[in-house]
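Here is the structure we will look at.
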There are 2 protein chains.
Amino acid sequence: MALRIKDVAQAAGVSVTTVSRVLSNNGPVRDSVRERVQAAMQELGYRPNAAARRLRSGDTATIGLVVSDVRNPFFTEVSRAVEDMAYRQGMRVILCNTDENPEKEAMYLRLMEEERVTGMIYSPTRDAAERFRAEHYPFPVVMIDRADAASHADAVTLDNRAAAERLTLHLLERGHRCIFGLFGNASTTGRERHAGYCDAMQRHGLGADAVFVEPQPAGAQQAVGARLAARGGAPVPDAILASNGLLLLGAFRALREARQTPAPGLHGAPGHPPAAPALCGFDNDAWTELVEPGITVIAQPVYEIGRCAMTLLSERIAQPDIPRRTRVLPGELIVRGSSTGIVA
Amino acid sequence: MALRIKDVAQAAGVSVTTVSRVLSNNGPVRDSVRERVQAAMQELGYRPNAAARRLRSGDTATIGLVVSDVRNPFFTEVSRAVEDMAYRQGMRVILCNTDENPEKEAMYLRLMEEERVTGMIYSPTRDAAERFRAEHYPFPVVMIDRADAASHADAVTLDNRAAAERLTLHLLERGHRCIFGLFGNASTTGRERHAGYCDAMQRHGLGADAVFVEPQPAGAQQAVGARLAARGGAPVPDAILASNGLLLLGAFRALREARQTPAPGLHGAPGHPPAAPALCGFDNDAWTELVEPGITVIAQPVYEIGRCAMTLLSERIAQPDIPRRTRVLPGELIVRGSSTGIVA
DNA sequence: TTGAAAGCGCTAACAA
DNA sequence: TTGTTAGCGCTTTCAA
């Protein structure tokens with residue numbers, strides 16, 4: 001095995017206690033002794049055993065981060081934020097991808113307990129969110145992206161309802177009337193955004209025309225394709241709104257597939273052919289700026305969400321008994337050509 | 001504190017050893033006893049303490065994954081592959097982002113030692129790669145993306161030289177002659193791809209016209225912008241080749257900025273205005289397929305690279321003394337409109 | 001300011 | 001098939 005604290009103690013001619021004090025920089029040690037110990041550690045190439053420290057001290061200095069999939073740019077960025085903050089505080093991060101799969105999720109929650117994580121940042125699937133009770137867990141939990149008062153967990157979310165309303169109103173202001181909405185069915189987020197969309201439509205005396213789908217591009221693509229191809233009574237939408245980055249991607253593909261550039265526009269004026277529907281959605285993912293015309297989106301302050309979650313978590317770790325807190329961050333509307341017809 | 005194995009033992013009326021045997025599913029236990037123990041665990045909600053198990057067993061069941069930045073889609077996907085494989089084998093993953101910063105990198109390598117990781121998957125910066133010696137570390141190391149024989153570490157890489165040559169030949173076949181190359185200066189990968197590019201140019205009796213830049217979009221954008229604006233002798237490039245996804249993005253932005261759609265084409269035929277340069281590069285990142293025309297790229301088998309790295313690592317953990325192995329995976333040329341003028 | 005010794009929760013000899 | 005017991009490497013009383 002590797003070197004132990006005892007080896008360092010012998011080399012430096014002190015007790016293990018003293019070495020431990022130098023290691024954790026805690027407790028009185030004469031400067032000359034400290035230097036001697038540090039020199040011994042350096043020379044021997046000693047590395048303290050993290051598992052032993054955790055076991056003995058009871059402090060794992062570990063944050064659990066449970067999300068659906070890091071490949072979703074939203075979570076990629078959140079995980080970077082969380083990791084930056086955590087490592088800066090001398091904490092590790094255990095990252096788990098549930099793939100919206102309840103069994104995986106249950107397994108990882110169990111893992112969090114076995115690891116005795118100091119705290120967890122958690123983005124539950126819809127079903128799990130409804131059942132989750134923070135008080136059943138022996139560590140603090142901060143929810144991100146999705147929140148639920150009954151969970152009794154701190155949370156940081158977007159102001160989903162307001163952002164969706166804002167986005168819908170933007171389309172209505174541009175003259176669109178028949179706005180087809182795509183919402184994710186796996187989280188509370190999708191429902192909140194749906195509510196905001198409905199609010200805006202209602203305020204203009206318009207009915208909702210929306211579906212809930214799996215939060216994957218394929219399902220969204222199919223739904224949009226079907227909606228565009230629908231015969232019979234339903235009028236063709238003149239705008240499409242997708243409630244997250246994955247759905248937006250699917251919608252974009254469907255429009256392209258239909259050989260309709262997602263260019264903006266109203267129904268054709270007399271003498272002009274009808275234009276393709278406008279497109280907008282949530283999440284300022286890289287591609288939305290790169291395609292032409294760019295896609296109008298609600299940008300989430302993604303890094304900030306991760307940072308904020310870590311801050312809430314740290315504060316609760318320090319003071320476990322403060323009342324539940326929720327941070328609601330605003331989304332930012334970024335208007336691009338896909339909803340205005342103005343190609344930058 | 002939480003429940004201990006002793007509590008389970010008491011509840012089930014057996015010794016701690018028996019509980020341990022049930023836990024690790026290892027050692028003889030009568031079926032009826034096993035069931036009784038499992039029932040007790042279930043009822044009490046017992047969770048074994050991971051730190052204690054690791055300390056005692058000496059097996060941390062932990063993989064270290066050290067990359068530059070998970071936000072780079074290449075590493076996002078690699079990390080998913082590694083995590084999928086690892087968790088399936090009951091191992092955890094510790095993910096570290098070095099940001100190509102030598103100090104962070106050194107800190108994380110130290111962390112790997114303190115965690116007593118079972119093995120490490122490592123994408124070193126160029127400078128670190130030259131100095132790294134696997135035999136100085138007490139655990140097996142598999143390098144990804146970047147490799148160096150002197151490191152004595154197993155490695156899985158792309159066939160960089162062949163892929164770059166292939167991509168360059170593709171441009172040459174389409175009639176391009178003045179091909180400006182952008183290569184990353186932070187890794188051996190950039191140099192290998194540069195060599196492949198030079199091979200292809202030389203074979204056609206052409207000189208290289210390339211620069212090495214920081215592997216960030218901003219630097220690439222600037223370099224391409226400068227090259228396009230160059231006055232004096234240097235002819236305007238009729239094609240641009242970028243050696244990774246970040247550089248490709250920068251080049252794309254530069255072309256757009258120059259109000260030149262990255263549309264393909266040769267120098268203008270008589271009577272036609274000169275077309276914008278062709279664009280191609282490495283990494284089949286999502287946006288390259290979404291922009292129009294799509295970008296011609298070398299697709300790396302990214303998930304497979306991660307999977308393969310975990311396989312090599314597992315095998316070396318099982319047999320530490322087998323000779324060093326290198327897996328070289330082929331890249332796949334995906335031809336899109338940016339190099340052919342055929343807009344799908 | 002230092003050291004001796006107990007013990008964190010678990011696993012693995014060894015004994016029965 | 002089961003139990004007793006000695007540590008894994010560290011931190012933390014407690015006493016000096």
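Protein chains get the first letters and strands the later ones, always in sequence-line order, with residue 1 at the start of each.
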Checklist entry - Once each nucleotide of nucleotides 10-16 of chain C is scored for protein heavy atoms under 4.0 Å, what B/S/- sequence comes out, 5' to 3'? => result BBBB---
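- We find that CG of A/L44 is positioned 15 Å from P of D/dG9, with the value rounded to whole Å.
- Annotation: salt bridge (charged side-chain N to carboxylate O under 4.0 Å, His left out) contacts of B/E130 (sequence neighbours excluded): B/R191.
- Here the P atom of nucleotide C/dC8 and the CG atom of B/D7 are 12 Å apart, to the nearest Å.
- Taking a cutoff of 4.0 Å between a charged side-chain nitrogen and a carboxylate oxygen, A/D148 and A/R133 do not qualify as a salt bridge.
- Between A/T18 and C/dG3 there is a side-chain N or O to OP1 or OP2 distance below 4.0 Å.
- For A/Y108, the ring pair (Phe, Tyr, Trp, His ring centres under 6.0 Å) criterion is met by B/Y87, not counting sequence neighbours.
- Residues satisfying the salt bridge (charged side-chain N to carboxylate O under 4.0 Å, His left out) criterion with B/R71, sequence neighbours excluded, are A/E77, B/D69.
- Annotation: side chain to side chain donor-acceptor pair (under 3.5 Å) contacts involving residues 300-310 of chain B, sequence neighbours excluded, comprise B/D84-B/Y303, B/D283-B/Q300, B/E304-B/R307.
- Under the salt bridge (charged side-chain N to carboxylate O under 4.0 Å, His left out) criterion, B/E214 pairs with no residue, sequence neighbours left out.
- With rounding to whole Å, B/R54 atom CZ is found 24 Å from D/dG7 atom P.
- Across the protein-nucleic acid pair, A/Q10 atom CD and D/dG9 atom P stand 13 Å apart, rounded to whole Å.
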